[in-house]
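The structure appears right after this line, and notes come after that.
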Number of protein chains: 2
Amino acid sequence: MTTDESREAGRDAVATPSRPTIVDVAEAAGVSRQTVSNALNRPHKVAPDTLERVLREIERLRFTPHVSAQQLRRRRASAYGFEVNPSGHRRLGHILDEFLVELTVSAPSHASHLVAFAPDPDDVIAGYRQTLASGLVDGFVLADTRHADPRPPWLLEQHVPFVSFGRVWDLPELTRWVDVDGHAGVLQAVRHLAEAGYAQIGWLGWPTGSPVGDNRRQGWSDGLAELGVTGDAPTAEAVQDLDEATDAAARLLDRLGPDSAVVCASDLLALGVLRAVRNRGLEPGRDVGVVGFDDTDVAAAMQLTSVHQPVAEAARTAWDMLVDPTTSPGPVLLEPSLTVRASSVREPAAPARAGTRPTAKQARPDDEPPGIRP
Amino acid sequence: MTTDESREAGRDAVATPSRPTIVDVAEAAGVSRQTVSNALNRPHKVAPDTLERVLREIERLRFTPHVSAQQLRRRRASAYGFEVNPSGHRRLGHILDEFLVELTVSAPSHASHLVAFAPDPDDVIAGYRQTLASGLVDGFVLADTRHADPRPPWLLEQHVPFVSFGRVWDLPELTRWVDVDGHAGVLQAVRHLAEAGYAQIGWLGWPTGSPVGDNRRQGWSDGLAELGVTGDAPTAEAVQDLDEATDAAARLLDRLGPDSAVVCASDLLALGVLRAVRNRGLEPGRDVGVVGFDDTDVAAAMQLTSVHQPVAEAARTAWDMLVDPTTSPGPVLLEPSLTVRASSVREPAAPARAGTRPTAKQARPDDEPPGIRP
DNA sequence: CGGGCCGTGTTGATCGTTCAAAACGGAACG
DNA sequence: CGTTCCGTTTTGAACGATCAACACGGCCCG
């Protein structure tokens, strides 16, 4: 057994600390390569005692199949690309970073992994084409889908598997996406505020035209309708800028009566409200209820009640739709939950307390980082 | 040429839209496989006219080498693992997410790519071992190194290539890391505040014992020494919690005179100062100077001056150290810059203005997100 | 009792590329 | 004119796994 000896020697010697291959396991277990392969991939086709013997040797030799070899032979990478965006990553909040983390966490349970890539902003499609053509990935997970997004049509045309976190707005016939129901989230917020006893509930959102923003605003007006509010309630608009948001919030507060509350399309807008409230010597929560959206770290830091997106669940759903195209092909709309903090609680002494809505949840201690992280 | 015909037919037919291989290019250019391979990997070993012909065919057929096949034959993945942490990702700020993005952006220029993985928190090393054993990666990029971190010793013992973003505290002999000079950053902050005219400069930091925090605090005391302050200046401590930070800041403000400023070990601590300042009816910047650390999105939103880490440069440096072990083996300590905003400017009318320190930079408009991002 | 079938295991071919070595043709040289 | 050498190109083998097909023995069945 020259091969055997040289291998064994090689493993012990300093020269070649090479990993064991399937052949090493086969020889050790006294079977052929294919049987080892079957033991891992089709255990039911292997006799029980043989199976046990092979698995024992696999364990003993710490054998792990070489992914590249598998990819080559199977003609499948079992990997998916995820675009990370070099620009715009200083946005408030990091839902997408969180989504990437959760995708990564769920990857092993689908025998897959995630490859990050950063396409050239001037030709995004080229980045996708290149990543795909190299055989590095089988498909993609899209996020941050926009109006007139070039990616979904191209992927569809190329028959490339993909899912999207966020509705694919331009292609209604495309159902392979998972999103968070912003409308429902804002509705919860309105109900919660009404229950907490605020007399009037205003809206601070983005200028109309953005699909996400319009959807959230609809949740607010539907919530008011549900409460029996008939006339038009006060609203204000601001783009994603704290100073503008503060000004808009101030105007909104002028038009709201005492004991009012404001629901916002984002945590940053809510931050503007907090600031405007404090500017006139009032206390968020006690005097004016405020609810944000996204439950970012800023919300946690500022004791801001906010609509929380179930990102981990979204990631799991995305994997399901991606790797098993037969099940759950349809769109999935996840219900967000409300993380209640001091900004929507009127009694100042009591700590943050959850509403009675089934989906409302209390801010848990581990929402805040436990230790010091620089 | 049966092979040729079937291939051509396969490409046109709906059945097999398979990617072109190196053999297709070879046949089209009238050379052998190896020559095509050489044209891409050793162009100098190919006759000029042949080279041109081959490259033209590569372009025409849109040939891209199959990464898995390369990895298998080269016995090298040209990929590196990056651990993403499922817990604790709700920390304030997202320096590490940003670092991941910048790593991804720089990856292609080193003919490499990044694979995200999430090890089991109960056995982190197992996750590293598994990822490595599968041949998916050649090494790792570490981040968030801690005291008593098990990863560096293990990687060293296994002779696995790695670099670290953040000093490897326990192994002084290990030099393969890049970090941001917190000491220098705080020093800049102190100089900037002194120049802006604040009479006294206090420190709000974490409890002593954390290497990062102690390093930053040292920058503050060295800065005061440089200014000729001899006695002990006021300091306070708080863990990473906004309420605690606010209380600590209030105590600190009691001990500081008028026209004072506070330098903080983190943006969250600085947020506490902002709050404490406003609680007593004062205005950050005009009445009390405040500087944070990390230049997170919160800092931008709250108009907080903060020490900015050159994350992109850190990522590039990390790649250099990782893939080319001959050059720059030593540790690299990068100089942060100061992003000046309203919280450290005394005249209320004037917009944020940079100090005269060469590394101080003004907050650029694109620090804030341009559009609406939900 | 011959043929088909089933459970189990083996062998040859293959995925697409690069390494190692050999082949080829022409120029330089003794 | 034979030999050596060099630049260029080609051929065989290998990386480590899986697919496809087949071999083998035992069992059932007509």
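We name chains A, B, ... by the order of the sequence lines, and we start the count at 1 in each one.
- Listed nucleotides: C/dC15, C/dT17, D/dT10. Nearest to the side chain of A/Arg75: C/dC15.
- The nucleotide whose nearest atom lies closest to any side-chain atom of B/Ser32 is, among C/dT17, C/dT11, D/dT11, D/dT11.
- Of the side-chain N and O atoms in A/Thr50, one or more sit less than 4.0 angstrom from OP1 or OP2 of C/dG9.
- Under the 3.5 Å distance criterion, the side-chain polar atoms of B/Thr145 are matched with a main-chain donor or acceptor of B/Arg167.
- For the side-chain hydrogen bond (donor to acceptor under 3.5 Å, both in side chains) test with B/Ser68, the passing option among A/Gln71, A/Gln70, A/Arg73 is A/Gln71; the others fail.
- Comparing B/Leu72 and B/Lys45 against DNA chain D, the residue whose closest nucleotide sits nearer the 5' end is B/Lys45.
- Dashed line: the shortest gap from a side-chain N or O of A/Ser68 to OP1 or OP2 of D/dA17 is not under 4.0 Å.
- Distances shorter than 4.0 Å separate some side-chain N or O of A/Arg42 from OP1 or OP2 on D/dC19.
- Taking every side-chain heavy atom of A/Val46 into account, C/dG9 is the closest of D/dT9, D/dA13, C/dG9.
- In this structure, the separation between CD1 on B/Ile22 and CD1 on B/Ile58 is 7.5 Å, given to the nearest 0.5 Å.
- One donor-acceptor pair, N or O on each side, does fall under 3.5 Å between the base of D/dC19 and the side chain of A/Gln34.
- Dashed line: the shortest gap from a side-chain N or O of A/Arg73 to OP1 or OP2 of D/dC15 is not under 4.0 Å.
- One finds no side-chain N or O of B/Ser37 lying less than 4.0 angstrom from the OP1 or OP2 phosphate oxygen of C/dT17.
- Side-chain N/O atoms of A/Arg74 include one lying less than 4.0 angstrom from OP1 or OP2 on D/dT18.
- Nearest nucleotide to the side chain of A/Ala47, out of C/dG12, C/dG16, C/dT8: C/dT8.
- When the side-chain nitrogen and oxygen atoms of B/Asn41 are compared with OP1 and OP2 of C/dT18, one or more of them lie within a distance under 4.0 Å.
- In this structure, of C/dC15, C/dT17, C/dC19, it is C/dT17 that holds the atom nearest to the side chain of B/His66.
- In this structure, A/Thr21 does not reach the D/dC15 phosphate: none of its side-chain N or O atoms is under 4.0 Å from OP1 or OP2.
- Taking the six-membered ring where the residue is Trp, A/Phe82 and A/Phe99 present tilted rings, their angle falling between 30° and 60°.
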